[in-house]
Protein chains: 2
Amino acid sequence: MVIDMPRPRTHDEALRVRLLDRASELLAAEGAKALSLRRLAAAAETSTTAVYSLFGSKPDLVNALYSEGFRHFDRRLRSVSRTGDAVEDVVRLGLAYRDSALADRRLYSVMFSNAVPGFEPNDEASKLAMDALRPLWDVVSDGIATKALADVPVEVIAMSFWGCAHGLVSLELNETLPREINFCRAYEPAIRANANGWRRS
Amino acid sequence: MVIDMPRPRTHDEALRVRLLDRASELLAAEGAKALSLRRLAAAAETSTTAVYSLFGSKPDLVNALYSEGFRHFDRRLRSVSRTGDAVEDVVRLGLAYRDSALADRRLYSVMFSNAVPGFEPNDEASKLAMDALRPLWDVVSDGIATKALADVPVEVIAMSFWGCAHGLVSLELNETLPREINFCRAYEPAIRANANGWRRS
DNA sequence: ACCATAACGGGACGGTGTTACGGAACCGGA
DNA sequence: TCCGGTTCCGTAACACCGTCCCGTTATGGT
């Protein structure tokens, strides 16, 4: 018997990108709390069910935002030029990390601080997230190879920098902390101190 | 005409602590998403309006949890004994910081990662939060005074440690990141490298 | 042209935080 | 002892949320 070929999906790409655009606008303007399917559907001049047709669910839509955020992140970090001095390179990466986070702070909190409650990235998105940090791993790896940094596993040093950068950035972005604390003043010195601490002595 | 004195408030303290107990249980067991007023009221065998009588709103109830969390935090950090060696003391504080966070990870994410969307701490709670970090400020301040640490403003060095600790802890607690990354292995080395980087050379 | 199926709109369901209302418990004063 | 004002909290409603069912439309291979 003949089984009819299912009709190929002709995802309305225009609607898809319009939803993503409006979603990131809504997110950037009013935060994760304001990103509701009804508001989003109204902004994109469609219905809530379009999200289910095109993405599957709200978390899946957020997943698309998340992936897009990491693609931007990746591009920024990858475009940092290398000087050959491991300490200087790490500091530059750190500054680019902060610039990226501040450029779209709401998205950063979705990416790293669980700002959308139900959301968990799928495997592909997680892989994207890890790939974005490759420049850091590379710089640290080279620094160890050229004996500029201590001879400990790459991950330990790289995670040290990542933690330091992420910590200060997320404290800076945290709107519940008192405004008088000036985290940005400590950012570069902190990264630099961390790097100096990893110098091969 | 005589205006009667208002009847003194007879806050049902038992109900109040029962609500807070059940709330922290719910939070610890199933996370911020599961902490709803209806579930909480059912668990405490009362109604949702009791929360409004006793706390004012859901954010206000979370505020009470938040304050309690920082009181625990404060107690833990304050009980760290000093050795006189600034680097060692900072490392000890860092480890206590992580222990506290891991001991009640859901509460930590409420305290530092905006896990409850609508919540913002009131002034009193914010003050409590800042006070909890005083041991760090003290240790760093002493380290600068004894010329063990570089002669830069206390806040810069203290925030550097805070950022590093908070960053690695929140990455470790972040459930959306791949499990294979072992943040705890890098924790103490990272704090130590940071401290060494701040040594007066 | 047919028609299975994808895409989408309307509306319903169960959940959320919040609030208006009403009864019960309380307590100072008569 | 009772009264009247006050506070507490339970019921029920409101507006909103994410999700899903169902009916309709649009599409494209046969």
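Proteins get letters first, then strands, A, B, ... in listed order; numbering begins at 1 in each. Everything numeric here is computed off the predicted structure, so don't read it as measured data.
For B:E88 and B:R192, the salt-bridge test passes: some basic side-chain N is under 4.0 Å from an acidic carboxylate O.
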Where do N or O atoms of nucleotides 16-20 of chain C meet protein N or O atoms at under 3.5 Å, pair by pair?
residue	atom	partner	partner atom	Å
C:dT16	OP1	B:S36	OG	2.7
C:dT16	O4	B:R38	NH2	3.4
C:dG17	OP1	B:L37	N	3.3
C:dG17	OP1	B:K58	NZ	2.9
C:dG17	OP2	B:L37	N	2.7
C:dG17	N7	B:R38	NH1	2.8
C:dG17	O6	B:R38	NH2	2.8
C:dT18	OP2	B:Y52	OH	2.7
C:dT18	OP2	B:K58	N	2.9
C:dT18	O5'	B:Y52	OH	2.8

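In this structure, A:S47 reaches the C:dG9 phosphate: one of its side-chain N or O atoms is under 4.0 Å from OP1 or OP2.
With 3.5 Å as the limit, one finds no donor-acceptor pair spanning the side chains of A:Y187 and A:Y97. If you check the side chains of B:S100 and B:R75, you find no donor sitting under 3.5 Å from an acceptor.
Each salt bridge (Lys or Arg N to Asp or Glu O under 4.0 Å) pair with one or both residues in residues 107-129 of chain B, not counting sequence neighbours, appears once here: B:K127-B:D131.
Across the protein-nucleic acid pair, A:R16 atom CZ and C:dA6 atom C1' stand 15 Å apart, rounded to whole Å. Atom C1' of nucleotide C:dA25 and atom CG of B:L15 are separated by 15 Å, given to the nearest angstrom. In this entry the distance linking CG of A:L19 with C1' of C:dA7 reads 13 Å, nearest Å.
Exactly one of B:R106, B:R22, B:R39 qualifies for a salt bridge (charged side-chain N to carboxylate O under 4.0 Å, His left out) with B:E30. That residue is B:R39.
Summarising the geometry, atom CE belonging to B:M159 is positioned 11.5 Å from atom CG belonging to B:L133; distances are rounded to the nearest 0.5 Å.
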